[in-house]
Asks: 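I have a structure I would like to understand better, so I am pasting it below and will then ask my questions one at a time.
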Amino acid sequence: MPILNKDTTLCISLSARPSNNGTRFHNHLYDQLGLNWIYKAFAPTDLTQAIAGVRGLGIRGAAVSMPYKEAVIALVDTLAPSAAAIDSVNTIVNDGGVLTAHNTDYSAVLNLLKTHHVSPSLRTVVRGAGGMAKAVVAALRDAGFRDVVVVARNEEAGRSLAETYGYVWEPEAQDGAELLVNVTPIGMAGGAEAQQLSFTLEQVAAAQMVFDVVALPAETPLIGAARSAGKPVITGADVATLQATEQFVLYTGITPTDEQILAARDFMLADAPSV
């Protein structure tokens, strides 16, 4: 990594519980490509002031994580189609003080559904109703999934999300789902529910595929249970890699090679905690 100087370009991430995933992924790519850039994670104490800092200090880009994906909308200038379609933001690009918001989570999930050949005929349960859940549910809709249940403890948020995309809301996951998708912090390292499962072992055993968007740790309790049951999985690390790659392109204008992306992913995961 080059010595920091006045010409160094800064990108950041904003999250209530920052991880090293984005920091390691982006900085590794900067190093591979010889870019005078640096990426730093922050836990903002005031979101409005943080976004004002992005604009005022000329910070090139900002990744946005829970719980700021919706609150940040009022603080940017323009919503790209990916963010406008689902009213949720995970990426901000600063072009000379003009802040444009994107959602690379949505495109990452849509891509993973296609590359893993997930059949849209599967009966699907999505647990969660926050900003990331919007990206997942929108991707499912656009991938042709019709039989989807949104499970959320908050009835207002869960019902609103489900009805927006033509699905149904339930307070708890029922048995019989073929695709299980966790979009809650359950299983996330450092949280109160870090060792818990978002679905029962019986539900995992009955499913055909399990998808957990939690990226920290790379192997969540849910992913571990699915692997033990012999189920194919899509992991939060998969989502993190694809969405971070798209962020990198938006920030730098450079598309890394598949080999460079794989090396950055491996470097990112090498620091990830285990369950």
Asks: Of all residues at least two apart in sequence or in a different chain, which pass the side-chain hydrogen bond (donor to acceptor under 3.5 Å, both in side chains) check with Asp95?
Replies: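 Counting only residues at least two positions away or on another chain, Asp95 forms a side-chain hydrogen bond (donor to acceptor under 3.5 Å, both in side chains) with Arg60.
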
Asks: I'd like to check Leu201 versus Leu197 (side-chain heavy atoms, cut-off strictly below 4.5 Å). Are they in contact?
Replies: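 In short, these two side chains touch, coming nearer than 4.5 Å.
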
Asks: Considering only heavy atoms from C-beta outward, does the side chain of Arg159 approach that of Glu170 to under 4.5 Å?
Replies: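 The answer is no; the side chains never approach within 4.5 Å.
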
Asks: Could you give the distance from CG (Leu29) to CG (Asn27), rounded to the nearest 0.5 Å?
Replies: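 Taking CG in Leu29 and CG in Asn27, the distance rounds to 9.5 Å.
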
Asks: Run the numbers on Thr100 and Val76 for side chain to side chain contact (heavy atoms under 4.5 Å, CB included), then give the verdict.
Replies: CA-CA 6 Å; Thr100 301; Val76 301; over 6 Å; no

Asks: If you compare all heavy atoms of Ile86 against all heavy atoms of Ser82, which two are closest, and at what distance to 0.1 Å?
Replies: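 The answer is CG1-O, 3.5 Å.
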
Asks: Going from NE2 on His102 to CD on Gln243, what distance comes out if it is rounded to the nearest 0.5 angstrom?
Replies: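 Result: 13.0 Å between the selected atoms.
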
Asks: Does any part of the side chain of Ile92, heavy atoms only, come nearer than 4.5 Å to the side chain of Val64, both counted from C-beta?
Replies: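 Result yes, sub-4.5 Å side-chain heavy-atom pair found.
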
Asks: Would you say Thr23 and Asn20 are linked by a side-chain donor-acceptor pair, where the criterion is simply a distance under 3.5 Å?
Replies: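 No, Thr23 and Asn20 have no side-chain donor paired with an acceptor closer than 3.5 Å.
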
Asks: For Ile234 and Val118, work out which heavy atoms get closest and say how close.
Replies: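 Answer, listing the atom of Ile234 first, then Val118: CD1-CG2, 4.1 Å.
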
Asks: Rounded to the nearest 0.5 Å, how far apart are CD of Glu193 and OG of Ser198?
Replies: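 OG of Ser198 is found 9.5 Å from CD of Glu193.
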
Asks: Is Leu179 reachable from Val233 through a run of I, L, V, M, F, W or Y residues, each pair having side-chain heavy atoms under 4.5 Å apart?
Replies: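 Shared cluster, no.
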
Asks: Tell me if a side-chain donor or acceptor on Ser160 pairs with a main-chain N or O of Ala157 at a distance below 3.5 Å.
Replies: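 No, the answer is negative, given that no donor and acceptor are paired below the 3.5 Å cut-off.
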
Asks: Mind checking whether Ile73 and Met132 sit in one hydrophobic cluster, side chains of I, L, V, M, F, W, Y counted as touching below 4.5 Å?
Replies: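 No, Ile73 and Met132 fall in different hydrophobic clusters.
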
Asks: What I want to find out is whether Arg153 reaches Glu172 closely enough, with some N-O distance under 4.0 Å, to be called a salt bridge.
Replies: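 Answer for the salt bridge query: no.
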
Asks: Can you name the closest pair of heavy atoms from Ala101 and Ala83 and give their distance?
Replies: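 Minimum heavy-atom separation between Ala101 and Ala83: O-CB, 3.6 Å.
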
Asks: Dump the intermediate steps for side chain to side chain contact (heavy atoms under 4.5 Å, CB included) on Asn103 and Val89, then the final yes or no.
Replies: CA-CA 5 Å; Asn103 197 304; Val89 170; 5.6 Å; no

Asks: Check whether any side-chain heavy atom of Val72 lies under 4.5 Å from a side-chain heavy atom of Ile51, and answer yes or no.
Replies: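 Val72 vs Ile51: side chains touch.
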
Asks: With sequence neighbours excluded, what pairs up with Ala173 under the side chain to side chain contact (heavy atoms under 4.5 Å, CB included) test?
Replies: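 Only Val125, Arg127, Val151, Phe199, Gln203 meet the side chain to side chain contact (heavy atoms under 4.5 Å, CB included) criterion with Ala173.
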
Asks: Taking 4.0 angstrom as the limit, do Asp258 and Arg265 come out as a salt bridge?
Replies: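 A salt bridge is absent here (no side-chain N lies under 4.0 Å from a carboxylate O).
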
Asks: Is the terminal nitrogen or CZ of Arg141 (NZ for Lys, CZ for Arg) located under 6.0 angstrom from the six-membered ring centre of Tyr165 and within 45° of that ring's axis?
Replies: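 Not satisfied by the 6.0 Å and 45° rule.
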
Asks: Quick check for you: to the nearest 0.5 Å, what is the distance between Ser15 atom OG and Asn90 atom CG?
Replies: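 Reported value, rounded in 0.5 Å steps: 12.0 Å.
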
Asks: Out of Phe248, Phe25, Tyr39, which residue meets the ring-ring contact (aromatic ring centres under 6.0 Å, His included) rule with Tyr30?
Replies: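 Among Phe248, Phe25, Tyr39, the one meeting ring-ring contact (aromatic ring centres under 6.0 Å, His included) with Tyr30 is Phe248.
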
Asks: So how far is it from Thr241 OG1 to Leu269 CG, rounded to the nearest 0.5 Å?
Replies: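 Interatomic distance, Thr241 OG1 to Leu269 CG, rounded to 0.5 Å: 6.0 Å.
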
Asks: Is there a continuous path of hydrophobic side-chain contacts, each under 4.5 Å between heavy atoms, that joins Val239 to Leu113?
Replies: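 Yes.
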
Asks: Is the shortest side-chain heavy-atom distance between Glu155 and Trp169 below 4.5 Å?
Replies: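 The answer is yes, as the side chains (C-beta and beyond) meet within the 4.5 Å cut-off.
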
Asks: Between OG1 of Thr9 and CH2 of Trp37, what distance do you get to the nearest 0.5 Å?
Replies: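 So the gap between those two atoms works out to 5.0 Å.
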
Asks: Pairs of donor and acceptor atoms involving the side chains of residues 206-218, under 3.5 Å and at least two apart or interchain, shall be tabulated with distances.
Replies:
from   : atom 1 : to     : atom 2 : distance (Å)
Gln208 : NE2    : Glu178 : OE2    : 3.4
Asp212 : OD1    : Asn182 : ND2    : 2.9
Asp212 : OD1    : Val214 : N      : 3.1
Asp212 : OD2    : Thr220 : OG1    : 2.7

Asks: Is there a path from Ile254 to Leu250 through hydrophobic residues (I, L, V, M, F, W, Y) whose side chains come within less than 4.5 Å of each other?
Replies: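 Yes, same cluster.
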
Asks: Between Ile186 and Val136, is there shared hydrophobic-cluster membership here, with clusters defined by ILVMFWY side-chain heavy atoms closer than 4.5 Å?
Replies: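 No, separate clusters.
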
Asks: Find out whether Leu99 and Val93 are in side-chain contact, i.e. whether some heavy atom of one side chain is under 4.5 Å from a heavy atom of the other.
Replies: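 No, every pair of side-chain atoms sits at 4.5 Å or beyond.
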
Asks: Can you list the residues that meet the side-chain hydrogen bond (donor to acceptor under 3.5 Å, both in side chains) rule with Asp142, with sequence neighbours excluded?
Replies: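 For Asp142 the side-chain hydrogen bond (donor to acceptor under 3.5 Å, both in side chains) partners, ignoring immediate neighbours, are Tyr106.
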
Asks: Which is it for Thr91 and Tyr251 under the side chain to side chain contact (heavy atoms under 4.5 Å, CB included) test, yes or no, and what are the steps along the way?
Replies: CA-CA 9 Å; Thr91 304; Tyr251 298 154; 3.6 Å; yes

Asks: Which heavy atom in Ala229 sits nearest to a heavy atom in Val204, and how many Å separate them?
Replies: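 That closest heavy-atom pairing would be CB-CG1, 4.3 Å.
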
Asks: Hey, is the main chain of Ser13 close enough, under 3.5 Å, to the side chain of Lys40 for a donor-acceptor pair?
Replies: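 Side chain of Lys40 to backbone of Ser13: no pair is present.
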
Asks: Would Leu140 and Thr124 satisfy side chain to side chain contact (heavy atoms under 4.5 Å, CB included), going step by step from the backbone distance to the final call?
Replies: CA-CA 9 Å; Leu140 288 168; Thr124 301; 4.2 Å; yes

Asks: For Glu70, enumerate each residue passing the side-chain hydrogen bond (donor to acceptor under 3.5 Å, both in side chains) test, keeping only those at least two apart in sequence or located in another chain.
Replies: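 For Glu70, the residues satisfying side-chain hydrogen bond (donor to acceptor under 3.5 Å, both in side chains) (neighbours in sequence not counted) are Lys134.
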
Asks: May I ask you to test the Leu161-Tyr167 pair for a side-chain heavy-atom distance under 4.5 Å?
Replies: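 A side-chain contact under 4.5 Å is absent here.
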
Asks: Is any side-chain heavy atom of Gln260 closer than 4.5 Å to one of His28?
Replies: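 Heavy-atom side-chain distance check fails, nothing below 4.5 Å.
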
Asks: Any donor-acceptor pair under 3.5 Å linking the side chain of Arg123 with the backbone of Ala177?
Replies: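 No; judged by distance alone, with no hydrogens or angles, the pair does not exist.
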
Asks: Test of understanding: with salt bridge (Lys or Arg N to Asp or Glu O under 4.0 Å), list the residues that count as partners of Asp77, not counting sequence neighbours.
Replies: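 With sequence neighbours excluded, Asp77 shows a salt bridge (Lys or Arg N to Asp or Glu O under 4.0 Å) to Arg55, given in chain and number order.
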
Asks: Of the non-hydrogen atoms in Ala152 and Gly158, which two are nearest, and what is the gap between them?
Replies: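 In terms of heavy atoms, the two residues are closest at CB-CA, 3.8 Å.
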
Asks: To check you understand the geometry: which heavy-atom pair defines the closest contact between Gly53 and Ile59, and what is its length?
Replies: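 Result for this residue pair: O-CD1, 4.0 Å.
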
